[in-house]
Peer 1: 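Sharing a structure here in structure tokens format.
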Amino acid sequence: MWMPPGQNQSWVSEFILLGFSSDTTTNRILFGAFLLLYVSSVLGNGLIITLVCLDMHLHTPMYFFLCILSLLDMSYVTTTVPQMLVHLLSLSQTISFAGCWLQMYIFGAVGLTECILFVVMAFDRYVAICYPLRYTVILSWGLCTQLSAGTWACGFFFSLIHTFSTMRLPYCGPNRVNHYFCEGPSVRDLACLDTHVIEMVDLVISVFMVVAPLSLIVASYIRIAQAILKFKSMQARCKAFSTCASHLTVITVFYAPATYLYMRPNASYSPEQDKQVSLFYNVFTALLNPVVYSLRNKDMKRAFLKVMGR
């Protein structure tokens, strides 16, 4: 619904999310596929959280941050996928203005928090490899808690700036969002006002929350690589590189589509292609994290067998 300009009210009260297809058969197939991915992602990340909480051997800074990452991934997919599943089977694809505001805010907050958490996890690997004897002293539980709280605070604060600057724009119609959730640039394209200033605000946030963390991660791993190359034992080198492989894999899968989506000029947006990249960025990354960390990690396998009573 929207009120035409020139009347007392000239803003939309709801948005229509176009999703991926208008064909009923296609939507049913997509529903089955996305439901399977969503359930697998929630169960996989939930399993990691459960194992870390139950096994005392996993009560270390590394697994503490991994537990937070799994919680963020569960929140990430739950913010967008359940509603998308409902819309795939429903004749109505609407979302209220307030619902769109909330979805955009939580999605951005969780994503930005995860960006910073990867920096903290890189710092954890740096301390573990470069200062192994002082690992638990440097990364005390007090510091881990402060780092965790800081990542959440930054993520939710900068997401508030992004969401407020986007949703305060006048939306007087049309109200059809060419996406499967309320994604910032897709909603902003419907504004009845020039959005160049808002685009600059989002670009600054993207540089601060994507480029800066990525630079810190690269700097950390340069130092880590230098330290590993000084090891005399080839076995020690392989073990050290192995402990970083999972983290590097997840970072690459997360930052590559994020950089593509949010670091480009607004004029180069391609709605259909962006929806596909966003789906990978949103759903498949959350599913990949538990797979990477569980299949490559002996401690996780041992904890799973212990919990299962074997």
Peer 1: Could you walk me through whether Tyr38 and Thr78 pass the side-chain contact (heavy atoms from CB on, under 4.5 Å) check?
Peer 2: CA-CA 8 Å; Tyr38 174 68; Thr78 302; 3.1 Å; yes
Peer 1: Are more than 12 heavy atoms from other residues, nucleotides or ligands located less than 6.0 Å from atom CZ of Arg168?
Peer 2: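 Open: at most 12 neighbouring heavy atoms sit under 6.0 Å from CZ of Arg168.
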Peer 1: What distance separates Asp189 CG from Arg176 CZ, expressed to the nearest 0.5 Å?
Peer 2: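 One finds 15.0 Å between CG of Asp189 and CZ of Arg176.
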Peer 1: Any heavy-atom pair between the side chains of Tyr221 and Ile224 that's under 4.5 Å?
Peer 2: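 Ile224 reaches Tyr221 side chain to side chain.
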Peer 1: Angle between ring planes, Trp141 versus Phe64, binned at 30° and 60°: parallel, tilted or perpendicular?
Peer 2: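 Perpendicular: the ring planes of Trp141 and Phe64 meet at over 60°.
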Peer 1: Could you state the interatomic distance from CD1 (Ile198) to NE2 (His196), rounded to the nearest 0.5 Å?
Peer 2: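 The NE2 atom of His196 is 11.5 Å from CD1 of Ile198, to the nearest 0.5 Å.
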Peer 1: Any link between Ile68 and Ile116 through a network of hydrophobic side chains (Ile, Leu, Val, Met, Phe, Trp, Tyr) touching at under 4.5 Å?
Peer 2: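 In one cluster: no.
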Peer 1: If the condition is ring pair (Phe, Tyr, Trp, His ring centres under 6.0 Å), which residues does Phe31 pass it with, not counting sequence neighbours?
Peer 2: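 Per chain and number, Phe31 pairs via ring pair (Phe, Tyr, Trp, His ring centres under 6.0 Å) with no residue.
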Peer 1: Do you reckon Val250 sits in the same ILVMFWY cluster as Val283, going by side-chain contacts under 4.5 Å, direct or chained?
Peer 2: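 Yes; tracing contacts between hydrophobic side chains, which count when under 4.5 Å, links both residues.
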Peer 1: Could you tell me whether a side-chain N or O of Tyr105 sits under 3.5 Å from a main-chain N or O of Phe156, the two making a donor and an acceptor?
Peer 2: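 Yes.
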Peer 1: What distance separates Ile138 CD1 from Tyr126 OH, expressed to the nearest 0.5 Å?
Peer 2: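 Going from CD1 on Ile138 over to OH on Tyr126, the span is 8.0 Å.
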Peer 1: Going by the side chain to side chain contact (heavy atoms under 4.5 Å, CB included) test, name the single residue among Ile95, Asn178, Thr94 that passes it with Leu17.
Peer 2: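 So the option named by the test is Ile95.
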Peer 1: Locate the shortest heavy-atom distance separating Val187 from Met167; write the atom from each residue and the value.
Peer 2: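 Minimum heavy-atom separation between Val187 and Met167: CG1-SD, 4.1 Å.
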Peer 1: Hey, what do you get for CG (Asp124) to OG (Ser220), rounding to the nearest 0.5 Å?
Peer 2: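 Here the rounded value is 10.5 Å.
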Peer 1: Applying ring pair (Phe, Tyr, Trp, His ring centres under 6.0 Å) as the test, list every pair that has at least one member in residues 66-87; sequence neighbours left out.
Peer 2: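 As it turns out, the ring pair (Phe, Tyr, Trp, His ring centres under 6.0 Å) pairs with a partner in residues 66-87, which skip direct neighbours, are Tyr76-Phe107, Tyr76-Tyr281.
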Peer 1: Under 3.5 Å, sequence neighbours excluded: what are the donor-acceptor pairs made by side chains of residues 227-234?
Peer 2:
unit_1: Ser233; atom_1: OG; unit_2: Gln235; atom_2: N; d: 3.2
unit_1: Ser233; atom_1: OG; unit_2: Ala236; atom_2: N; d: 3.3

Peer 1: Contact between Arg188 and Asp202 at the side-chain level, heavy atoms closer than 4.5 Å - yes or no?
Peer 2: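 Yes - at least one pair of side-chain heavy atoms lies under 4.5 Å apart.
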Peer 1: Answer yes or no: is there a donor N or O on one side and an acceptor on the other, between the side chain of Ser159 and the main chain of Gly155, under 3.5 Å?
Peer 2: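 No, because the side chain of Ser159 does not come within donor-acceptor range (under 3.5 Å) of the backbone of Gly155.
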Peer 1: For Cys115 versus Pro213, what's the shortest heavy-atom pair and its separation?
Peer 2: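 Heavy-atom minimum between the residues: O-CB, 3.9 Å.
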Peer 1: Of all heavy-atom pairs between Pro290 and Ile48, which one has the smallest distance, and what is that distance?
Peer 2: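 Pro290 and Ile48 have their closest heavy atoms at CA-CD1, 3.4 Å.
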Peer 1: Apart from Ile222 itself, what residues make up its hydrophobic cluster when side-chain heavy atoms of I, L, V, M, F, W and Y under 4.5 Å apart count as a link, directly or indirectly?
Peer 2: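 Once heavy-atom contacts under 4.5 Å are chained together, Ile222 belongs with Val218.
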Peer 1: Please check this pair: side chain of Asn45 against backbone of Ala286, looking for a donor-acceptor N/O pair closer than 3.5 Å.
Peer 2: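 Yes, the answer is positive, given that a donor and an acceptor are paired below the 3.5 Å cut-off.
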Peer 1: Taking it one step at a time, do Leu54 and Thr50 satisfy side-chain contact (heavy atoms from CB on, under 4.5 Å)?
Peer 2: CA-CA 6 Å; Leu54 294 180; Thr50 302; 3.6 Å; yes
Peer 1: Can you list everything that forms a ring pair (Phe, Tyr, Trp, His ring centres under 6.0 Å) with Phe284? Sequence neighbours excluded, please.
Peer 2: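 Phe284 satisfies ring pair (Phe, Tyr, Trp, His ring centres under 6.0 Å) with Phe280 only.
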Peer 1: If only side-chain N and O atoms count, and only distance matters, is there a donor-acceptor pair under 3.5 Å linking Ser92 with Ser90?
Peer 2: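 No donor-acceptor contact under 3.5 Å links the two side chains.
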Peer 1: Can you give me the closest heavy-atom contact between Leu139 and Leu143, atom names plus distance?
Peer 2: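 Shortest heavy-atom contact: CD2-CD2, 4.0 Å.
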Peer 1: So do Asn289 and Glu114 actually touch side chain to side chain, heavy atoms under 4.5 Å?
Peer 2: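 In contact.
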Peer 1: Can you find a heavy atom in the side chain of Met84 that is under 4.5 Å from one in the side chain of Leu30?
Peer 2: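 When only atoms from C-beta onward are counted, Leu30 and Met84 do not touch, as no gap falls below 4.5 Å.
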Peer 1: Does Phe208 belong to the same Ile/Leu/Val/Met/Phe/Trp/Tyr cluster as Tyr255, with side-chain heavy atoms less than 4.5 Å apart forming each link?
Peer 2: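 Result: no, two separate clusters.
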Peer 1: Is there a side-chain contact between Ser96 and Trp101 (heavy atoms, below 4.5 Å)?
Peer 2: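 No, their side chains stay 4.5 Å or more apart.
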Peer 1: Specify the closest pair of heavy atoms between Val77 and Asn282, including all atoms of both residues, with the distance to one decimal.
Peer 2: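 For Val77 versus Asn282, the nearest heavy atoms are CG1-O, 3.4 Å.
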Peer 1: Taking the side chain as every heavy atom from C-beta outward, state whether Leu89 and Leu85 have any atom pair closer than 4.5 Å.
Peer 2: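 A side-chain contact is absent here, since even the closest heavy-atom pair is not under 4.5 Å.
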Peer 1: Counting C-beta onward and ignoring hydrogens, is there a side-chain heavy-atom pair between Phe181 and Thr79 closer than 4.5 Å?
Peer 2: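 No; the side chains remain at least 4.5 Å from each other.
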Peer 1: Check whether Phe123 and Phe254 end up in the same hydrophobic cluster, where Ile, Leu, Val, Met, Phe, Trp and Tyr are linked by side-chain heavy atoms less than 4.5 Å apart.
Peer 2: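 The answer is yes; both residues are in one hydrophobic cluster.
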Peer 1: Working to the nearest 0.5 Å, report the span between CE of Met62 and SG of Cys67.
Peer 2: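 Rounded to the nearest 0.5 Å, the CE-SG separation comes to 13.0 Å.
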Peer 1: Sequence neighbours excluded, which residues qualify as disulfide (SG to SG under 2.5 Å) partners of Cys182?
Peer 2: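 Once residues adjacent in sequence are excluded, the partners of Cys182 under the disulfide (SG to SG under 2.5 Å) criterion are Cys100.
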Peer 1: Could you tell me the separation between the CE atom of Met104 and the NE2 atom of His162, rounded to the nearest 0.5 Å?
Peer 2: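 Nearest 0.5 Å value for the CE-NE2 distance: 5.5 Å.
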Peer 1: Would Leu160 end up clustered with Phe97 when hydrophobic side chains under 4.5 Å apart are linked, directly or stepwise?
Peer 2: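 Same cluster: Leu160 reaches Phe97 through Ile, Leu, Val, Met, Phe, Trp or Tyr contacts under 4.5 Å.
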Peer 1: Would you call the rings of Phe34 and Phe20 parallel, tilted or perpendicular, where under 30° means parallel and over 60° means perpendicular?
Peer 2: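 Aromatic pair Phe34/Phe20 classed tilted.
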Peer 1: Might you point out which heavy atoms bring Val291 and Leu287 nearest each other, and give the distance in Å?
Peer 2: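 Nearest pair, atom of Val291 first, then Leu287: CG2-O, 3.4 Å.
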Peer 1: SG to SG, are Cys172 and Cys192 under 2.5 angstrom apart?
Peer 2: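 Correct, these two cysteines form a disulfide.
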Peer 1: Is any side-chain heavy atom of Leu58 less than 4.5 Å from a side-chain heavy atom of Met300?
Peer 2: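 Yes. Closest side-chain heavy atoms under 4.5 Å.
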Peer 1: Above 12 or not: heavy atoms from other molecules or residues under 6.0 Å from NE2 of His59?
Peer 2: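 Buried by this count: over 12 neighbours within 6.0 Å.
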Peer 1: Might you work through the side-chain contact (heavy atoms from CB on, under 4.5 Å) test for Ser215 and Val211, ending with a clear yes or no?
Peer 2: CA-CA 6 Å; Ser215 300; Val211 177; 4.1 Å; yes
Peer 1: Using the rule given for side-chain contact (heavy atoms from CB on, under 4.5 Å), can you reason through Leu37 versus Ser41, listing the C-alpha separation, both sets of side-chain angles and the distance that settles it, and then say yes or no?
Peer 2: CA-CA 6 Å; Leu37 289 172; Ser41 177; over 6 Å; no
